[in-house]
Structure formats: C-alpha cells, structure tokens
Colleague: 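There's a structure below that I have some questions on.
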Amino acid sequence: MWSRRQGRLRPTVCGVEELRRRRREREAALRKARREQQLVSKRLLRNDAPEEAGEGCVAAILGETEVQQFLRQAQRGTEEKEREGALVSLRRGLQHPETQQTFIRLEGSMRTLVGLLTSNQALLQLEAARCLHELSHSEQSTVAEACLPATSYLLTYLSSHSSDFIELCLYTLGNLIVESEAVRRQLLPQGIVPALAACIQSPHVAVLEALGYALSQLLQAEEAPEKIIPSILASTLPQHMLQMLQPGPKLNPGVAVEFAWCLHYIICSQVSNPLLIGHGALSTLGLLLLDLAGAVQKTEDAGLELLACPVLRCLSNLLTEAAVETVGGQMQLRDERVVAALFILLQFFFQKQPSLLPEGLWLLNNLTANSPSFCTSLLSLDLIEPLLQLLPVSNVVLTVLCNVAEKGPAYCQRLWPGPLLPALLHTLAFSDTEVVGQSLELLHLLFLYQPEAVQVFLQQSGLQALERHQEEAQLQDRVYALQQTALQG
Amino acid sequence: MQLPPALCARLAAGPGAAEPLPVERDPAAGAAPFRFVARPVRFPREHQFFEDGDVQRHLYLQDVIMQVADVPEKPRVPAFACQVAGCCQVFDALDDYEHHYHTLHGNVCSFCKRAFPSGHLLDAHILEWHDSLFQILSERQDMYQCLVEGCTEKFKTSRDRKDHMVRMHLYPADFRFDKPKKSRRIPSTICFGQGAARGFKSNKKKTKQC
C-alpha cells in the first residue's frame, strides 16, 4: 500500500551531489517565494520514451516559420502519422519559453491547436492536449492566458471516458489555475466546480490524483476563501475528499496526499469548518493518523511526511472549532490511540523530518488543552519523559505540560517526582525569555498543586536559578512571586 | 527520542478513551502575575508557522523529493486493428487504442454517427436533433438545457441557450459541441391540413458537416 510511487520524470543523468545542490537551490527559492506570498508550483507530466531523450536532454527552440509549418502539417496533412509527428515536434519545441512566446504571438495558432484538440482524431487530440500542457507549465501569465480559449473544452473532456486524456486535462487545468487570476475568473463561471464534482467519481487512481492536484491549486488561490471555497463546500466534493482519506485497502497514498492538502487549504481558511466536522472529518482524519503511525513503524520510507503534514494541520485547526464539543461537553475525537499515534509520528519526525516537530507538538497542544482525558493519557501512557526529550525543539512542550498541570492536584501528583523538575531547572538556565516565562508558569502550577516539590526545588539550587532573571522586565513579577512561594514553603 | 515499549501495543489495541483524572482547579492558578490559560491554537493560511511544510509540499510538486528516475514507457504490443465496423485504424499501444475507442466509438449518435465527448452531450444531441417530440414540446416550453455541467437553466431556442452559455458561462460562441442544426426539418408525420398549398422540403439526403 505504501510502496514507492512511480513518478514521471525524465531519466536523470546528473549525479547525487548535483541533485542535492539543485534541491537546496529550489528549497531556498521556494522559501523566498512563500515569504512573498508567491508560492506557486506546477506539475509537469513528461513521458518521452528514452530513445526520444537521446536527441539531447534539451529540445531545440523553434522559430516562427517552424511553428507555423508544424501547425499547418498537423491541421492539413494527409497521413495521420505525419500529422501526429508534426504535433510531437511542436510539443518538444514548446518545452522552451522562447518557443512558447513565439507560439502565442502567432495569429491563429491557439485556434488551430484548439481545433486539433477537439478533432475526432484521437491521437491528434492527445498530442494537441500535450502541447497545451507544455504551455500550461510556463511561468509567464501571458502564456497561461493565451490558453483561455481551450478551457471550456478541457472542462468538457473531464466527463469523457479516456482516463489518460482526463488526467492530462486535469494537470493542464491545475497548472493554468495557479498561474493567473484571469484564468480562474473564467473557469469558475465555466463550471469547474461541478465538473470536478462529477469527475471525482472516477475509479481511476491517476485521474483522482490529478484531480486532487488541480483542486489543491484552485484552493490555494488568494481569492479562494471568498470566491471558491463556499461553492466547493456546497458541492459533493467534501464528502468524496474525505472518502479518499479513509484508511483501508483502497487508500492510495498519492491520491490521499493531494486531498489532504486540499482539506488543509479549506480548513485553514476557516470558511465553514463545522460543516466538515459534520461530515465526519475529525474521525476520518483521526483514523488516518493511526494508520500513518502504523505505516511509519514498518519503516517504509515512502514520503509519509508528505501526507502526515496536512493531516496534522487539519486536525489541529479543526480542534479549535466550537463544534468539536458535543452536547455532553465531550470532544468528538476521544480515542486515546491518537495520542499514541502522534508520539510515534513525533519520533519518526525526530529522525527523518525535524521541521515537522513543531507541527506535531501543535496538535498535541490542541488535543490536551481542553481535554482531561487526553491529559490523563499522556500520564498513563508514560509519555512525559519522551515529551521532555523534545524540549530543545519547541516551547510548546512546556505549554503541553502546563495543559496537564493546570488541571489540578491529581495531575500534578503524577508529574512529580520525576524528570520534570530537573528539566525545569535546566530550562531556567536559558536566556530565552519565552522559554523561561513558560517554565515559570509551570513551576507555579507545580508548587500550587504539589507543594512537596518546593523543598526539592530549593535543595537543587532553584532560588539561584530564579535569581538570574530578577532584572528581566517580562519575568520579574513572576520570579518574585515564585521566590516568595519557595521561601514560605 | 525513546518511546515506552507499551506504546505500540496501545496503538494496535482497540479504541478507547482514558478515564480522566478528576479536575480540580484552584483560583490562585490563574492569579496575577501568572497568566497561563490552556487553549487550542489556530493558524491561518498565510502564517509563517506553515513555511517549512509548505516548502516541502512544493518541492514534492516539483518532483524533486521523489527521486524517481523510471519513466513508464508505453508498453508496445504487436499491431492490431480496431474491431469496430468501418474503422480501419491500427494501433501498437493499448493506451492509444483506449483513447481512440472512447473518442470515436464511445458516445456515438446512432442516427447520425456523430461522436461526443460525454454521455451528457450525446443525450442532449439526440434529444435536440433526433427527437420529434422534443421539437413539438419546445414550441410550448423552454426545452433547450444549458450544456454546462451543474447548470439547470432551460431555454426556448438553441440561440438563447448559446447566448446564455456565452454570457453567463463565458463559453466560446463557436463551442464545437453546440452547433445549431443546419435546417429545421419538419417531421414527416405533420400534415398541413387538407388542401394545403404547402408541401414538404425536398427529402434528398444532405451530407451533414459533422
């Protein structure tokens, strides 16, 4: 089930070092783009057969005459193979931005291409669609906008029966969507949401993954919360999305990743999360989390963090909704296995993807904040010590411990004696005001509900640890209060 | 990071919620200068907290993370011909044949042999072009249904429908799957009444430009 995904990249001829270097570059570029709110990525499907790649990794740029020639041949050639060949040559040329520009500037070129796309010659249709797909991959909005005349057909073909073709149309749409608001402004009245809602019932995994991709691009649009998400929530898409996330033999990781990200974009936009909770999102996502923890234990390293990340985010954000509490004041998500699963995932992140640790801890905070049951689980499953091991990673560890401690003496009794006090004495030595502040809060709760801890604190030079921060404006009052408590205790 | 050995067993065991320890808060807990309040935290879309995960997601989209070098090649088979009567296309890959079959022989109108991309468009075509009852009814009520998936609007004439699709749905005016009928054929069952001077149009078969 979690076996390695087959990708569609051309065979790579570069070495491992080169790949790493490129990856670092891309990562830096993506980070910069995100900070500028310009994070946009497109999927490129290329499945040139190996012998075609032998013509040199890079296809030649086509000039105006050549583009015209290929188009004419494709349109009016006598032999179907000849016509197809012309389009293949055009498609290869379109891998180049220069050729793309030449193409869109040529009068009638898009019209011809659309004519070929809608012709009855199946193979010409496919090649024309591939040409469009190349164009859709451009980073220039002008090129994406030049594809506007084709969108009504791309949408129409989503209800056709050729799964390869549908897949191609979906990736093309996904790429166009993300490039330009003008494209989205046209696609919405053209009925993209109902078209996707109909298409999501396809049994083909490749189609579903492509659909998830297109939808995720639509949901990432800046105007999505106002203009797109409401109509998506009103359609049958949410129920189908959640179905794709249900663990079991039918779960496909590639498909699940796309729809999990879709769900994340919807949920963090906070348009109508109670609706999703009503559809069972919490329980589906909870079960999926359990499934992920199980998969991680089998050490099948197939990019599980790609799915874990959006699942964590969705759960965390959903848990902030008031609708989470049912009539009895109990949370809808109550299974303590969720806590066990989360820690198994935290351990996995610790080893493989430390950047996800803060996200995992965020979920832990949201699970424990208002839940005596989950706080009790943390204690009864012996998770305090593993939690303390994550102290260097994030202050949220302290917040979670406060969540537990603030519930009263019954909870603090289980926090002491143990590794907690030594850990706190250690964090008091930090200079980070945030960390120390949280530590002071925790100490206060511990002293209040477990007064025996005070003596031990004093014996272990606790007062000296506190003195360090006496002058710090943000900490003074609390330091003083704790000193008083300690001296009186 | 060490986990207690019993944890995996707990995951594998059945669902259950821990019986919560009794909650007993002292008002002094939240008294100034202390200010801790247990609360779930939410992060909105653009929050910086999401940066790392978002970057990983986009690396994936750019196919860098999954270092897959295999390009699935189209499996070639010995050449075979399409078995549909009158079709002489030959193929050497099953995917190509699948696409050909669905495009050309999939949703085909049995009256005029025209092929449509979907069952939905085929149904609309048969209704509007080949159903005499439709013609009669359309004189009295709005019968031309909007062709856009999800839109339930109906119109008196195909012209009105086209205008709607162009204006509301931003469809092209020459949308290929909404061609107007070339001639309004009067169904042969209609009679103009006894002694009528009018006759029928020539019955000579015209070659349709499909």
Side-chain angles (χ1 to χ4, degrees), chain A residues 7 9 11-12 23 26 30-31 34 41 43 47 49 118 120 122 152 156-157 159-162 164-165 186 189-191 194-195 198 268-269 306 309 317 319-320 334-337 340 347 350 355 366 369 372-373 376-377 380 382 386 389 402-403 406-408 410-411 441 444 448 477-478 481, chain B residues 1-4 7 10-11 15-18 20-26 28-29 33-34 36 38-42 44-45 51-55 58-64 66 68-69 71-73 95-96 98-100 102-104 106 115 117-118 120 148-150 169-172 175-176:
Chain A
L9 269 186
T12 176
R23 187 211 159 115
R26 288 210 197 199
L30 286 170
R31 238 172 249 289
R34 196 194 183 276
S41 284
R43 252 213 184 148
N47 53 5
T118 56
N120 272 341
S152 60
T156 304
Y157 286 126
S159 43
S160 71
H161 293 286
S162 169
D164 277 354
F165 194 54
Q186 174 163 299
Q190 281 183 344
C268 68
S269 302
L306 293 165
C309 175
N317 266 330
L319 285 169
T320 65
R334 298 183 57 217
D335 190 344
E336 92 174 327
R337 291 180 301 170
Q347 184 190 52
F350 193 74
S355 60
N366 286 10
S373 174
T376 306
S377 296
S380 58
D382 282 322
Q389 288 171 42
C402 286
N403 287 349
E406 70 91 28
K407 305 230 167 1
Y411 294 78
E441 298 284 344
H444 165 66
L448 183 63
D477 296 339
R478 290 180 283 178
Chain B
M1 185 189 164
Q2 295 271 35
L3 293 177
L7 199 67
R10 181 62 196 93
L11 185 68
L21 294 166
V23 177
E24 213 186 299
R25 292 186 178 98
D26 186 325
F34 296 99
F36 176 76
R39 66 164 76 87
V41 171
R42 72 164 46 145
R45 284 164 75 95
E51 183 178 302
D52 282 337
D54 283 357
V55 165
H58 281 266
L59 275 175
Y60 168 74
L61 285 182
Q62 293 180 358
D63 268 324
V64 172
M66 303 302 259
V68 187
V71 174
E73 218 199 277
D95 284 349
D96 290 348
E98 192 212 6
H99 185 64
H100 159 87
H102 286 310
T103 305
L104 269 179
S118 66
H120 170 231
V148 175
E149 181 94 47
H169 296 295
L170 307 184
Y171 262 56
F175 186 61
R176 199 196 148 87

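Letters A, B, ... mirror the listed sequences (proteins, then strands); counts begin at 1.
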Colleague: For B:R39, which atoms come within 4.5 Å of any heavy atom of chain A: side chain, backbone, both, or neither?
Modeller: backbone

Colleague: Under a 4.5 Å cut-off applied to non-hydrogen side-chain atoms, are A:N366 and B:V41 in contact?
Modeller: yes

Colleague: Between A:C402 and chain B, which part of the residue has a heavy atom less than 4.5 Å away: side chain, backbone, both or neither?
Modeller: both

Colleague: Any donor and acceptor pair, going by atom type alone, linking the side chain of A:Q389 with main-chain N or O of B:Q2 inside 3.5 Å?
Modeller: yes

Colleague: Below 4.5 Å from any heavy atom of chain A, which atoms of B:H169 appear? Answer side chain, backbone, both or neither.
Modeller: both

Colleague: Where on B:H120 is there a heavy atom nearer than 4.5 Å to chain A: the side chain, the backbone, both, or neither?
Modeller: neither

Colleague: Would you check if A:T156 and B:R176 make a side-chain contact, meaning some heavy-atom pair closer than 4.5 Å?
Modeller: no

Colleague: Taking side chain as everything from C-beta outward and backbone as N, CA, C, O, which of these in B:V23 sits under 4.5 Å from a heavy atom of chain A? Side chain, backbone, both or neither.
Modeller: both

Colleague: Going by heavy atoms in the side chains, are A:L30 and B:Q62 under 4.5 Å from each other?
Modeller: yes

Colleague: Hey, which of A:S380, A:G191, A:S355 has the most heavy atom pairs under 4.5 Å with chain B?
Modeller: A:S355

Colleague: Judged by modelled atom types alone, do A:S162 and B:H99 share a side-chain donor-acceptor pair under 3.5 Å?
Modeller: yes

Colleague: Could you tell me whether B:R10 and A:E336 have a side-chain N and a carboxylate O separated by less than 4.0 Å?
Modeller: yes

Colleague: So which of A:E406, A:K407, A:R478 has the largest heavy-atom pair count under 4.5 angstrom toward chain B?
Modeller: A:R478

Colleague: Whether the side chain of A:Q347 engages the backbone of B:M1 through a donor-acceptor N/O pair (distance < 3.5 Å, no angle test) should be reported.
Modeller: yes

Colleague: Does any backbone or side-chain atom of B:L104 lie under 4.5 Å from a heavy atom of chain A? Answer side chain, backbone, both or neither.
Modeller: side chain

Colleague: Under 4.5 Å between any side-chain heavy atoms of B:P15 and A:R337, yes or no?
Modeller: yes

Colleague: Can you confirm whether A:S152 sits close enough to B:P172 that some side-chain heavy atom of one is under 4.5 Å from a side-chain heavy atom of the other?
Modeller: yes

Colleague: Could you tell me whether the side chain of A:H161 and the main chain of B:T103 form a donor-acceptor pair under 3.5 Å?
Modeller: no

Colleague: Check whether any side-chain heavy atom of A:Y411 sits under 4.5 Å from a side-chain heavy atom of B:P22, and report yes or no.
Modeller: no

Colleague: Non-hydrogen atoms of chain B under 4.5 Å away: do they reach the side chain of A:R34, the backbone, both or neither?
Modeller: side chain

Colleague: Can you tell if the side chain of A:S159 reaches within under 4.5 Å of the side chain of B:P117, non-hydrogen atoms only?
Modeller: no

